[in-house]
Amino acid sequence: MHDILSELTWRGLINQTTDERMADWLMEKPRTLYVGFDPTADSLHVGHLLALMTLRRFQQAGHRPIALVGGATGMIGDPSGKSEERKLLSEETLRANVEGMARQMKRFLDFDRGEISALLVNNYDWMGKFSYLGFLRDVGKHFPVNVMLAKDSVRSRLERTDSGLSYTEFSYMLLQAYDFVQLYDAHGCELQAGGSDQWGNITAGIDLARRLRSVQLYGLTIPLLTKSDGTKMGKTESGAVWLAADKTSPYQFYQYWINLEDADVDKCLRFFTDLGREDIESLVVRHMADPGRREAQRRLADELTRLVHGAEGLSTAQRATEVFFGAEIHELSDSQLREIFADVPSKALPRDRLSGNGLSLIDALVEAGLAKSKGEARRTITQGGAYVNNRRVAIVETNLGPSDLASETVLVLRSGKKNYALLRFE
RNA sequence: GGGGGGUUUCCCGAGUGGCCAAAGGGGUCAGACUGUAAAUCUGAUGGCGAUGCCUUCGCAGGUUCAAAUCCUGCACCCCCCA
């Protein structure tokens with residue numbers, strides 16, 4: 001068996017483990033492990049990537065991964081790592097969220113690999129059947145309140161004066177603990193992994209299994225993902241970086257990684273790619289020698305975009321990148337342009353605006369939303385910041401006619417380095 | 001209740017009768033440089049049919065050839081005395 005634990009260790013993916021001997025235990029035979037995902041949205045985002053990749057690595061090493069989506073626990077809200085009581089989601093929303101997340105997991109895990117095929121479970125399937133009294137008798141009975149109160153997730157919330165902790169959220173760890181026992185019963189799952197804020201919940205499950213089943217289960221936590229500047233990984237000014245193409249386009253996703261700071265790129269390569277130790281080390285050495293080439297970022301972006309959006313998504317992103325950063329636009333069709341500029345605002349105008357003297361560049365910039373007023377448009381042009389189909393046009397009096405179209409009906413306007421807008425003449 | 005100060009263009013903040021679309025800074029936008037980085041430098045920054053016209057200095061009136069600037073009333077904010 002592949003020594004998964006030492007692999008995870010050099011990748012920096014181990015925060016804590018519940019047992020010193022876990023490495024040997026994992027080498028003995030294929031084990032089953034699980035990670036829980038909170039279904040707060042209908043897509044996974046970069047914040048989930050670390051856990052997902054961990055499951056993936058375990059599977060590649062010959063173990064069986066289970067991804068648990070918390071259809072039931074999501075109804076309650078995990079207090080770990082949160083400073084405020086969580087809003088409850090409707091059952092409908094939850095169902096849609098679970099579905100959306102499940103679809104994306106298929107890219108990371110192999111669901112058709114014999115003995116170690118990945119499994120996707122929803123804890124609503126067993127939790128939903130529990131009666132309140134039944135749960136209190138079977139599960140609640142085994143939880144000393146003083147132990148529960150000592151958990152970080154609970155204590156930190158109780159210490160705050162500005163936000164409370166409801167009984168509902170307080171009970172969360174019981175649900176997660178029971179999940180672990182349930183997965184042990186149903187699938188022989190013996191290991192739970194999770195973010196470092198999950199330590200308390202994981203150990204709660206281990207304790208419960210010892211009491212109920214007299215078995216020793218295992219847990220490990222993954223470090224919290226932060227960037228060198230202290231901000232959260234996977235966040236941009238416009239929000240989270242999602243894995244769903246309709247929330248974060250392949251191009252935007254690709255660009256997020258391309259733009260990663262030098263200080264974070266080594267860590268991300270180890271965290272998020274399947275590249276081996278030697279590949280990563282030599283890549284980083286080459287990157288340091290010539291950081292301007294962004295070789296490490298490019299490789300990271302390539303690998304991740306291919307994993308999340310497939311080879312096709314990657315090539316779209318790469319083509320869009322070429323165009324966005326200078327390549328002149330010609331000999332492209334409407335559909336190619338639409339694909340490349342999928343993220344760019346566009347506006348349709350009647351085609352006859354191009355006839356006669358044509359459309360003035362000033363009006364075009366205003367119509368496209370690249371200038372708030374004609375004065376602003378005029379300034380942009382004068383200062384050399386206006387581009388038609390990626391070619392600078394510095395003459396204020398320019399009029400655009402049918403020959404200026406980049407394709408059958410599309411005109412590509414740009415103001416400054418990267419503010420694009422499309423005008424479609426239909 | 002009495003006394004004083006304030007309200008300016010996206011923000012802060014100058015401006016006390018014409019030279020004010022209004023200093024300066026921040027922000028923003030564009031350009032140069034650069035690694036699609038950071039820093040730096042330069043320019044721009046109310047609108048428009050543009051050597052001019054229109055709108056803007058808490059709100060409403062008034063004085064004046066001329067008001068962000070003076071007068072009256074109103075609204076809101078701050079400080080001091082009771």
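Side-chain atoms are counted along with the backbone in the values below, which use heavy atoms only and exclude waters and symmetry mates. All values derive from a computational prediction rather than experimental measurement.
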Pairs under 3.5 angstrom only: tabulate donor-acceptor contacts from the side chains of residues 358-373 of chain A to other protein residues two or more places apart or in another chain.
residue, atom, partner, partner atom, Å
A:S360, OG, A:D363, N, 3.0
A:S360, OG, A:D363, OD2, 3.1
A:E367, OE1, A:K347, NZ, 2.7
A:E367, OE2, A:R353, NH1, 3.3
A:E367, OE2, A:R353, NH2, 3.1
A:S373, OG, A:G375, N, 3.4
A:S373, OG, A:E376, N, 3.2

| query | Sequence neighbours excluded, which residues qualify as salt bridge (Lys or Arg N to Asp or Glu O under 4.0 Å) partners of A:D343? | reply | none
| request: Kindly write out the residues that satisfy side chain to side chain donor-acceptor pair (under 3.5 Å) with A:H2, not counting sequence neighbours, or none if the list is empty. | output: A:E7
| said: Please classify the nucleic acid contact of A:Y387 as base, sugar-phosphate, or nothing, using heavy-atom distances under 4.0 Å. | reply: sugar-phosphate
I'd like a table of donor-acceptor pairs (distance under 3.5 Å, sequence neighbours excluded) in which one partner is a side-chain atom from residues 286-293 of chain A, with atom names and distances.
residue, atom, partner, partner atom, Å
A:R286, NH1, A:E295, OE2, 2.6
A:R286, NH2, A:S282, OG, 3.4
A:H287, NE2, A:D262, OD1, 3.2

| Donor-acceptor under 3.5 Å (A:D38 side chain, A:T40 main chain) | no
Output one line per pair: protein atom, nucleotide atom from nucleotides 33-37 of chain B, and distance, for all N/O pairs under 3.5 Å.
residue, atom, partner, partner atom, Å
B:G35, O4', A:G292, O, 3.4
B:G35, O6, A:D262, OD2, 3.3
B:G35, N1, A:D262, OD2, 2.7
B:G35, N2, A:D262, OD1, 2.9
B:G35, N2, A:R294, NH2, 3.4
B:U36, O2', A:N259, OD1, 2.8
B:U36, O2, A:Q255, OE1, 3.0
B:U36, N3, A:Q255, OE1, 2.8
B:U36, N3, A:Q255, NE2, 3.3
B:U36, O4, A:Q255, NE2, 3.2
B:A37, O4', A:R294, NH2, 3.4

| said: Suppose we screen for salt bridge (Lys or Arg N to Asp or Glu O under 4.0 Å). Which residues come up paired with A:R338, at least two apart in sequence or across chains? | reply: A:E426
| Rounded to whole angstrom units, what separation is found between the CZ atom of A:R414 and the C1' atom of B:C29? | 15 Å
| What does nucleotides 42-50 of chain B look like as a protein-contact string, B for base, S for sugar-phosphate only, - for none, at under 4.0 angstrom between heavy atoms? | -BSS-SSSB
| message | Suppose we screen for ring pair (Phe, Tyr, Trp, His ring centres under 6.0 Å). Which residues come up paired with A:F324, at least two apart in sequence or across chains? | response | A:Y251, A:F341, A:Y420
| field | With sequence neighbours excluded, residues passing ring pair (Phe, Tyr, Trp, His ring centres under 6.0 Å) with A:Y254 | value | none
